*Asks:* 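Pasting a structure below so you can have a look.
Protein chains get the first letters and strands the later ones, always in sequence-line order, with residue 1 at the start of each. Predicted, not measured: the structure shown is a model, and the values here were computed from it.
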Amino acid sequence: MTAAAHKTDAAAASPAMLEVSGLAKTFTLHIQGGVRIEAFRDVAFSVAAGECLALVGPSGSGKSSVLRVVAGNYLAQHGSVKLRHRGQWVDMATAPHRRVQEVRRLSLGHVSQFLRAIPRVPAVEIVAEPLIRLGEERAAALARAAALLARLGIGERLMQLAPATFSGGEQQRVNIARGFIAEPPILLLDEPTASLDRANRDTVVALIGEAKARGAALLGIFHDADVRARVADRTYSLAKETAR
Amino acid sequence: MIPCVSVSFDADADDDDAGDGEAPLLAVSGLCFAYGARVALADVDLTVWPGEVLAVAGESGSGKTTLLGCLSGELAPQAGRVGFLTRDGKRVDMHRLGEAERRRLLRTDWGIVRQNPRDGLRLGVSAGANVGEPLMVLGHRHYGWLRAQAGDWLDRVEIPTDRIDDPPATFSGGMQQRLQIARNLVTDPRIVLMDEPTGGLDVSVQARLLDLLRRLVADLDLAVVLVTHDLAVARLLADRLVVMKDGRIVETGLTDQVLDDPQHAYTQLLVSSVLQP
Ligand SMILES: Nc1ncnc2c1ncn2[C@@H]1O[C@H](COP(=O)(O)OP(=O)(O)OP(=O)(O)O)[C@@H](O)[C@H]1O
Ligand SMILES: Nc1ncnc2c1ncn2[C@@H]1O[C@H](COP(=O)(O)OP(=O)(O)OP(=O)(O)O)[C@@H](O)[C@H]1O
Ligand SMILES: [Mg+2]
Ligand SMILES: [Mg+2]
């Protein structure tokens, strides 16, 4: 284990929001002769409220797969992913599907590396959707979405279009806005600044800072060492020897 | 020869129970159906929760349409149960209800959207009458009210209201499908079965219909069982995905999980055969 550089005092005093232990994931490719690909094993860490933990490791060491298992998007073979959800622990690795859906709606945000655009749905509505699903009134949700998109440099006119035709960086900013808008208590970030320019990178760093300040627990992958140094309180390394 | 025996019926003891006291709208167990010697469904279990969209995918001939037939009671399975939770909280087996009662329940609580809109519409009568008729069957008689309801629903499914007196025979395929959806939703059902609702439509017409379905399902809090061979449609509309092969369910889970981390060889084959579902 290569965790625990140093914790800030605030984080040390805060309750854990996410506790991963003994986690292992192997893909079995049945249609390619049953080849088994180990994504990671023996992964264990915890993230406290107000803290940002960065996953580090070489390409293919399983960083994205860890985030996806935490989100319930990939299944794990071993281990547990305990998440604090409405004051109780939920193990995402074993929870029934309806609990997983509820956790995703109320307690967990996931900014994946690429946006999955929905045909014909304008960017501003894609961003507002998590708020509307929480019961926020539609007009208010759209107004907040528009403000957040504007902050990320997506103009009034662009945000009314479906993002299928957006540039990579524009799509990524829509994805970021969708992840942050509902201010989830736990937030997963997969390379959120990878294709952003300096100004937008700074905005994302500021958003992460604000999320931490309001007590969110963040688990992220940050390719950019400068961004990582600015946002992460600790790092957890998926070293090659444990991953292979 | 019936290849499987009926299993005990324990609808409310469900793996998916989230401990919130909610019960599945539909609890299906041990369903078997054969056309003569050809087995089309073998020991199918599934649940559908209130307000959830469940997609059923699988290759041609895997039993998807047969499954829908057995859910609504149009086809009588050789074994198994289809437990439906009525509005007053009782669970009834669709296959043990008297015919009259089953038909009444279908009219009030179920919608059935056919793949071919011509099978679900009355082509000779006006679009307005197609939408108003299910309400008349429920006992509504006031002409002005029925016409207003029909107009409102045509609008919701994006059919110009000045077409209200035209018969659907004069509509395009996409319009006919939207009309069929209006005819099925006007009675405010609790569950809707849809068999390839976007099949046979041009891609752009499909996109419009999908957008419409997405919004209607969200607004109406409907439970939907959606048969589709198109995994992108499942990704867009469904909370959960069931994969069928040779009359059996081989895999089930949250839609994004099944598509992104498929466990069964057959699901891996399905997912790998399409461009980014
Ligand atoms: N859905 C999948 N099916 C099969 N194998 C997968 C799948 N997702 C990831 N893998 C494999 O798991 C391993 C870990 O991949 P992962 O994407 O988690 O790495 P990563 O650390 O995020 O890499 P990068 O820095 O390049 O993004 C790789 O060998 C990858 O090929
Ligand atoms: N009326 C029938 N008489 C005899 N066999 C039938 C009949 N209807 C369906 N079958 C058979 O039952 C099996 C399941 O058919 P079903 O129509 O349920 O498949 P499906 O999954 O809906 O396929 P598709 O995607 O092509 O619509 C198939 O082998 C089919 O040939
Ligand atoms: Mg990655
Ligand atoms: Mg069929």
Side-chain angles (χ1 to χ4, degrees), chain A residues 25-37 39 64-65 67-77 85-86 88 90-106 110 112-122 125-126 128-130 132-133 135 138 162 164, chain B residues 14-24 47-54 158 198 203-204 206-215 218-219 232-233 235-237 239-242 250-273 276-277:
Chain A
K25 169 72 184 165
T26 296
F27 296 95
T28 306
L29 308 183
H30 294 290
I31 58 172
Q32 291 175 58
V35 171
R36 292 165 61 83
I37 297 174
S64 296
S65 298
L67 288 198
R68 286 167 174 266
V69 169
V70 172
N73 176 234
Y74 282 180
L75 301 177
Q77 272 74 39
H85 169 63
R86 304 172 88 177
Q88 290 188 324
V90 172
D91 183 356
M92 293 292 273
T94 55
H97 78 264
R98 294 175 60 246
R99 179 72 75 212
V100 173
Q101 287 170 306
E102 188 188 82
V103 167
R104 287 179 178 183
R105 188 159 41 89
L106 300 177
H110 184 189
S112 55
Q113 206 169 345
F114 300 102
L115 175 73
R116 221 172 245 292
I118 306 171
R120 292 178 29 125
V121 180
E125 287 192 24
I126 289 179
E129 190 183 79
I132 293 172
R133 283 196 302 170
R138 193 179 150 77
Chain B
D14 189 276
D15 293 344
D16 299 327
D17 193 344
D20 52 9
E22 240 199 307
T47 52
V48 183
W49 292 80
E52 113 174 310
V53 179
L54 180 76
E158 302 171 14
T198 60
V203 175
S204 66
Q206 256 189 41
R208 180 170 183 188
L209 187 67
L210 287 173
D211 185 33
L212 178 75
L213 284 174
R214 208 178 68 85
R215 282 187 284 114
D219 291 350
V233 169
R235 167 93 71 181
L236 191 64
L237 294 178
D239 300 298
R240 275 196 306 144
L241 174 60
V242 158
V250 297
E251 185 159 357
T252 174
L254 293 176
T255 304
D256 63 282
Q257 182 267 301
V258 173
L259 294 179
D260 293 339
D261 188 15
Q263 306 291 305
H264 191 278
Y266 178 66
T267 316
Q268 293 185 356
L269 184 65
L270 269 190
V271 170
S272 68
S273 310
Q276 242 226 8

*Asks:* Chain B heavy atoms under 4.5 Å from A/Arg68: which part of the residue, side chain, backbone, both or neither?
*Replies:* side chain
*Asks:* Answer whether the closest heavy-atom distance between the side chains of B/Thr252 and B/Arg240 falls below 4.5 Å.
*Replies:* yes
*Asks:* So which part of A/Glu129 gets closer than 4.5 Å to some heavy atom of chain B, the side chain, the backbone, both or neither?
*Replies:* side chain
*Asks:* Is it the backbone or the side chain of B/Asp211 that comes under 4.5 Å from a heavy atom of chain A, or both, or neither?
*Replies:* side chain
*Asks:* Compare all side-chain heavy atoms of B/Trp49 with those of B/Leu54 and state whether any distance is below 4.5 angstrom.
*Replies:* no
*Asks:* At a heavy-atom separation under 4.5 Å, does B/Arg235 approach chain A through its side chain, its backbone, both, or neither?
*Replies:* side chain
*Asks:* Is any side-chain heavy atom of A/Val100 closer than 4.5 Å to one of B/Gln257?
*Replies:* no
*Asks:* With a 4.5 angstrom heavy-atom cut-off, which part of B/Glu52 approaches chain A: side chain, backbone, both or neither?
*Replies:* side chain
*Asks:* With the side chain counted from C-beta on, respond yes when B/Asp261 and A/Lys25 share a heavy-atom pair under 4.5 Å apart, and no when they do not.
*Replies:* yes
*Asks:* Using modelled atom types only, decide if a donor and an acceptor are shared between the side chain of A/His85 and the backbone of A/Asp91 within a distance under 3.5 Å.
*Replies:* no
*Asks:* Heavy-atom distances under 4.5 Å only: say whether B/Thr255 touches chain A with side chain, backbone, both or neither.
*Replies:* neither
*Asks:* Where on A/Arg104 is there a heavy atom nearer than 4.5 Å to chain B: the side chain, the backbone, both, or neither?
*Replies:* side chain
*Asks:* Are any non-hydrogen side-chain atoms of A/Arg120 and B/Arg208 less than 4.5 angstrom apart?
*Replies:* yes
*Asks:* Between A/Arg138 and A/Glu125, does any side-chain N to carboxylate O distance fall below 4.0 Å?
*Replies:* yes
*Asks:* Please determine, among A/Thr28, A/Leu29, A/Ile31, the option with the most heavy-atom pairs under 4.5 Å with chain B.
*Replies:* A/Ile31
*Asks:* Tell me, for B/Leu236 versus chain A, whether the close heavy atoms (under 4.5 Å) come from the side chain, the backbone, both or neither.
*Replies:* side chain
